[in-house]
Amino acid sequence: MTHLLPEDAAARKEAIAEAEAVVAAAEVAVDSAIEHGLSEALDTATAALAGAVEQRSAAAVVPDFPVNYCFSADGPPLTALTVQAWMESRPADHVVSDDKENMYNLSSRSAMFQALTDRKEFQKYKPLFRAFYARPARIFLVREEGELQVTACVEEGPLDDACDIDADADGEAVASALLRFIRSVRGTHQGCVLATLGAVLPYHLCLHDTCKRPECAGTRWVLDADDTYGSGPPEALYAAFQLLRDDCRARCRLVSNLSKVKALCPAGGVEGIPAWILEAQGGELLGLKCVGAFVAPRGDAADAWRRRELLAAMQQRLAPLDAVDAMLGTEGETDVAQLRYSLITRNANAIPGYWKRCMPPSITRPAMEWVDARLGESLARLTDCAPALAAKLRREAALGTEMGGLGVGGHAATCGACWCAFVLGRWDALRQACPLLRADEVGLAFGARPRQRHEAAGAPLDILLSARAEYAGLLDRLDAVQRQYAHRRAKD
């Protein structure tokens with residue numbers, strides 16, 4: 001779901017081949033006119049060649065198409081990075097975020113089977129989907145209580161003879177006897193491995209069809225399952241967004257969760273944003289929440305907003321540590337300390353890694369300093385560490401287990417390495433699905449005087465420039481450590 005549909009890719013390839021043939025024919029005409037000294041024919045052939053070359057360039061442009069990272073490695077961070085790149089590269093274009101209301105449970109099964117039928121790539125999976133979703137499914141909220149039933153509504157009149165109800169029974173007895181079973185006829189089952197494909201495929205194809213409309217030209221869309229983000233000139237973006245919502249409601253029976261619809265202009269201001277969106281979101285926004293991360297145009301106010309939101313998210317995520325710290329062993333529970341250790345090292349300590357890949361260290365490092373302190377506090381309570389040794393415990397715990405540490409904490413120190421590794425390691429994957437990004441951007445960012453070259457090229461390199469700065473800092477630290485140990489070896 002990160003590439004053009006096969007038929008669209010084939011059509012583009014055919015258009016390029018036809019344009020190449022026209023260019024070749026025009027070049028032959030130019031050569032012939034030169035060979036025979038025909039000046040008037042040369043002018044005509046030259047003009048035709050220029051037009052053919054222009055058509056070839058137009059045919060080679062990759063059209064904008066919706067990209068869904070739901071099945072991709074590092075899908076959520078790539079989604080956040082794409083939206084951030086939009087804001088940095090096209091500040092005049094607006095950005096809108098959308099989320100479908102209870103998509104997995106309310107999507108249309110008819111649309112699901114239609115999508116599986118229409119796409120030959122997925123037709124072989126229809127028997128598998130049919131096994132689980134061809135018939136209305138029974139619903140069990142509590143298995144011991146049996147299948148879900150509700151009281152049925154009946155018209156006034158004599159009871160059906162088939163109903164085994166005493167004619168003198170009171171109203172409550174009649175109501176409890178008139179029950180009907182409820183069946184699931186929409187959406188996918190909780191925990192089903194087919195659920196994501198079944199729910200997302202019809203929505204993805206619907207978005208493809210909408211993007212091909214002339215009214216949607218110039219808009220860009222990236223998704224992670226049903227988390228949808230669009231960018232483009234406001235006059236095209238909001239028209240396309242409304243078309244998408246209408247098409248999705250008609251074809252997939254999905255509606256937007258209006259409380260999560262947000263829009264902003266990275267350049268500032270609210271001109272062009274529909275009034276109903278502005279009213280719902282409470283005016284102009286500094287940034288957007290994007291698959292759990294926080295994206296915004298670069299600026300002091302927006303950066304401060306991202307830091308605040310991230311810190312609040314980390315505090316919320318690590319709040320269960322309070323309950324973990326309060327766990328005490330009893331006579332019948334002797335492994336509580338081991339359980340607390342596992343929850344700290346395997347659960348709480350793993351939480352921050354995602355955000356370190358989504359945002360630059362200038363945003364994540366302050367929050368990660370709080371995270372390190374909070375993890376250190378839990379370790380100190382677990383080990384009954386003396387307050388005077390708490391700082392030393394935190395430093396040693398951050399070391400890997402192969403170095404005598406616990407591998408817990410140290411997130412503030414590794415923000416730069418995580419950011420560089422993700423940005424540089426996944427940039428090609430991002431470029432493949434985001435035609436806005438140029439092939440030479442890494443070279444521009446990591447070359448000589450990158451800021452001046454960036455401004456001249458107009459490329460969205462703030463993401464890469466921050467990675468370059470962090471990478472340079474890592475190299476400086478490496479050099480310092482090498483010099484230190486080289487000096488020690490020389491003394492020995």
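Computed from heavy atoms alone, side chains included, the values below leave out hydrogens, waters and symmetry copies.
Shown here is Glu7, whose CD atom has more than 12 heavy atoms of other residues, nucleotides or ligands within 6.0 Å. In Phe132, the CZ atom is not crowded: 12 or fewer heavy atoms of neighbouring residues, nucleotides or ligands sit closer than 6.0 Å. Other residues, nucleotides and ligands place no more than 12 heavy atoms under 6.0 Å from the CZ atom of Arg317. The number of heavy-atom neighbours closer than 6.0 Å to CZ of Arg130, taken from other residues, nucleotides and ligands shown, is above 12. The number of heavy-atom neighbours closer than 6.0 Å to CZ of Phe422, taken from other residues, nucleotides and ligands shown, is above 12. Residue Gln315 places its CD atom among more than 12 non-hydrogen atoms of other residues, nucleotides or ligands, all under 6.0 Å distant. Enclosure of atom NZ in Lys212 by more than 12 non-hydrogen atoms of other residues, nucleotides or ligands within 6.0 angstrom is indicated. With a 6.0 Å radius and a threshold of 12 heavy atoms from other residues, nucleotides or ligands, Arg135 has its CZ atom at or below the threshold.
Using cut-offs of 30° and 60° on the angle between ring planes, the pair Phe241 and Trp276 is parallel. A parallel orientation is assigned to the rings of Phe65 and His208, their planes being inclined by less than 30° (bins at 30° and 60°).
Residues that satisfy the side chain to side chain contact (heavy atoms under 4.5 Å, CB included) test with Ala348, not counting sequence neighbours, are Leu318, Leu321, Leu375.
Both tests pass for Arg143 against the ring of Phe140: distance under 6.0 Å to the centre and angle within 45° of the axis.
Side-chain atoms of Ser184 do not come within 3.5 Å of backbone N or O of Pro136 as any donor-acceptor pair. Here the side chain of Asp64 pairs no donor or acceptor atom with the backbone of Gly218 at under 3.5 angstrom. The backbone N or O of Gly187 sits less than 3.5 Å from a side-chain atom of Arg109, completing a donor-acceptor pair. Judged by distance alone, with hydrogens and angles left aside, the side-chain atoms of Gln281 form a donor-acceptor pair with the main-chain N or O of Ala263 at under 3.5 Å. Not one N or O on the side chain of Glu284 forms a donor-acceptor pair closer than 3.5 Å with the backbone of Gly268. Glu88 places a side-chain N or O within donor-acceptor distance of the main-chain N or O of Ile463, the cut-off being under 3.5 Å. For the pair Gln123 (side chain) and Thr117 (backbone), a donor-acceptor distance under 3.5 Å is present. Using modelled atom types, no side-chain atom of Asp226 and backbone atom of Asp99 make a donor-acceptor pair closer than 3.5 Å. Arg12 contributes a side-chain N or O that, together with a main-chain N or O of Ala60, makes up a donor-acceptor pair within less than 3.5 Å. Put simply, the side chain of Arg307 gets close to the backbone of Ser362: a donor and an acceptor are under 3.5 Å apart.
With salt bridges taken as basic N to acidic carboxylate O contacts below 4.0 Å, one links Asp74 and Arg426.
One side chain, Asp247 or Thr210, offers a donor N or O that lies under 3.5 Å from an acceptor on the other. Looking at Asp98 and Ser256, their side chains do bring a donor and an acceptor atom within 3.5 Å of each other. Between the side chains of Lys100 and Thr228, no donor-acceptor pair of N or O atoms lies under 3.5 Å.
Between Leu205 and Leu5 the shortest side-chain heavy-atom distance falls below 4.5 Å. Within the 4.5 Å cutoff, side-chain heavy atoms of Val95 are placed close to those of Met87. Counting heavy atoms from C-beta on, the side chains of Lys356 and Tyr354 never come closer than 4.5 Å. A heavy-atom distance below 4.5 Å is found between the side chains of Trp427 and Leu464.
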Q: For the pair Asp227 and Lys260, evaluate salt bridge (Lys or Arg N to Asp or Glu O under 4.0 Å) and give the outcome as yes or no after the intermediate values.
A: CA-CA 10 Å; Asp227 289 347; Lys260 294 186 177 181; over 6 Å; no
Q. Should Arg186 and Asn105 be marked as a side-chain contact (heavy atoms from CB on, under 4.5 Å) after you check the CA-CA gap, both sets of side-chain angles, and the distance that decides it?
A. CA-CA 7 Å; Arg186 291 177 64 181; Asn105 293 323; over 6 Å; no
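The CG atom of Leu197 sits 10.0 Å away from atom SG of Cys192, with the distance rounded to the nearest 0.5 Å. One distance of note links CE of Met103 with CG of Leu106; it measures 10.5 Å at 0.5 Å rounding. In this structure, NZ on Lys13 lies 15.0 Å from CG on Asp8, to the nearest 0.5 angstrom. Note that CE of Met359 is 12.5 Å distant from SG of Cys418, once rounded to the nearest 0.5 Å. Separating the OG1 atom in Thr364 from the CH2 atom in Trp355 is a distance of 12.0 Å, to the nearest 0.5 Å. Atoms CZ and CD1, from Arg306 and Ile363 in turn, are 4.5 Å apart once rounded to the nearest 0.5 Å.
Of the candidates Ser107, Ser108, Ser110, Ser108 is the only one forming a side chain to side chain contact (heavy atoms under 4.5 Å, CB included) with Arg253.
Of all heavy-atom pairs spanning Ala19 and Ala59, the tightest one is CB-CB, 4.4 Å. Contact between Ala240 and Thr219 at its shortest, heavy atoms only, is CB-CG2, 4.1 Å.
Aromatic pair Tyr133/His189: ring centres closer than 6.0 Å.
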